[in-house]
Amino acid sequence: MAKKRKASIPMLYCIGMLITVVGYILPIFRKTIDAFGKTAVLFFFFFFDLVGVGDSILKIMAILFFFGAVLGIVLALIPKLPQAKIIQLIAIVITVVGGLYCFFNVGDFVKDAAAKCLFVGFYMIVAGWVVALVGWILNK
């Protein structure tokens with residue numbers, strides 16, 4: 001029988017990190033109102049909006065969140081990288097810590113409205129984290 005070849009590129013991990021990057025670009029919150037039988041969108045809130053709001057730690061964490069995901073994709077595509085598993089885990093941890101810090105420290109308005117206003121970007125970010133972590137675990 002033929003031997004199974006292990007893929008040199010961790011595809012599931014790369015897909016998860018790519019989903020996270022796409023979720024960063026898409027709106028994470030959406031506020032709507034119903035008026036005269038129609039729904040109107042008041043505003044969209046993107047993760048890029050966090051870079052311009054709040055204290056400097058929040059700005060740094062928002063940038064780290066994005067660059068951690070991009071770094072995870074780039075480093076996963078480098079063949080024969082020494083200690084690739086540890087570097088991939090560090091990239092996942094950077095994105096998760098940066099994203100959770102930003103989500104829990106954006107302000108009172110967003111915290112109050114978060115349960116009602118979560119939008120596609122937020123769900124893609126969380127799904128990307130899960131897929132990347134599963135891909136990291138399965139790539140042994």
Side-chain angles (χ1 to χ4, degrees):
M1 296 208 122
K3 287 184 177 182
K4 286 186 177 179
R5 267 186 50 182
K6 188 173 126 182
S8 60
I9 298 173
M11 291 305 292
L12 195 58
Y13 173 81
C14 286
I15 290 169
M17 292 302 247
L18 185 63
I19 291 171
T20 303
V21 170
V22 171
Y24 186 91
I25 296 168
L26 294 175
I28 55 175
F29 299 115
R30 176 184 72 171
K31 181 66 179 157
T32 62
I33 59 168
D34 293 325
F36 304 112
K38 296 189 179 194
T39 302
V41 176
L42 289 179
F43 69 88
F44 288 109
F45 187 80
F46 295 87
F47 233 99
F48 285 114
D49 295 336
L50 292 177
V51 178
V53 187
D55 58 354
S56 60
I57 295 175
L58 183 66
K59 294 174 185 179
I60 291 170
M61 288 301 209
I63 293 170
L64 275 179
F65 167 75
F66 180 72
F67 284 120
V70 171
L71 181 70
I73 294 169
V74 170
L75 292 177
L77 297 176
I78 297 175
K80 298 180 182 177
L81 183 69
Q83 300 176 342
K85 292 285 287 179
I86 294 173
I87 293 172
Q88 291 171 358
L89 180 63
I90 290 171
I92 291 173
V93 169
I94 287 172
T95 62
V96 170
V97 168
L100 290 178
Y101 182 87
C102 292
F103 181 73
F104 289 117
N105 291 304
V106 288
D108 294 333
F109 172 72
V110 175
K111 285 182 195 174
D112 294 338
K116 302 173 196 169
C117 301
L118 293 178
F119 200 53
V120 68
F122 176 81
Y123 298 117
M124 286 189 73
I125 289 169
V126 173
W129 288 342
V130 171
V131 170
L133 189 60
V134 168
W136 180 81
I137 290 170
L138 293 179
N139 188 27
K140 293 195 176 195

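Residues passing the side-chain contact (heavy atoms from CB on, under 4.5 Å) test with Phe122, sequence neighbours excluded: Ile28, Phe103, Leu118, Val126. In terms of the side-chain contact (heavy atoms from CB on, under 4.5 Å) criterion, residue partners of Leu75 (sequence neighbours excluded) are, by chain and number, Leu71, Ile78, Leu81, Ile87.
Here the CG-OH distance, from Leu26 to Tyr123, works out to 13.5 Å after rounding to the nearest 0.5 Å. Of the inter-residue distances, the one linking Met61 atom CE with Ile94 atom CD1 reads 10.0 Å to the nearest 0.5 angstrom. To the nearest 0.5 Å, atom CD1 of residue Ile137 and atom NZ of residue Lys85 are 8.0 Å apart. Residue Leu89 holds its CG atom at 12.5 Å from CD of Gln83, rounded to the nearest 0.5 Å. Cys102 SG to Leu64 CG: the interatomic distance, rounded to the nearest 0.5 Å, is 8.5 Å.
Atom CZ of Phe119 is surrounded by more than 12 heavy atoms from other residues, nucleotides or ligands within 6.0 Å. Heavy atoms from other residues, nucleotides or ligands lying under 6.0 Å from CG of Leu100 number more than 12.
Using bins of under 30°, 30° to 60° and over 60° for the plane-to-plane angle, the ring pair Phe65/Trp129 lands in the perpendicular bin.
Between Trp136 and Ile92, the shortest heavy-atom distance links the atoms CB-CD1, 4.0 Å.
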For residues 9-23, please give each side-chain donor-acceptor pair under 3.5 Å, one per line with the distance, not counting sequence neighbours.
from	atom 1	to	atom 2	distance (Å)
Tyr13	OH	Gln88	O	3.0
Thr20	OG1	Gly16	O	2.9

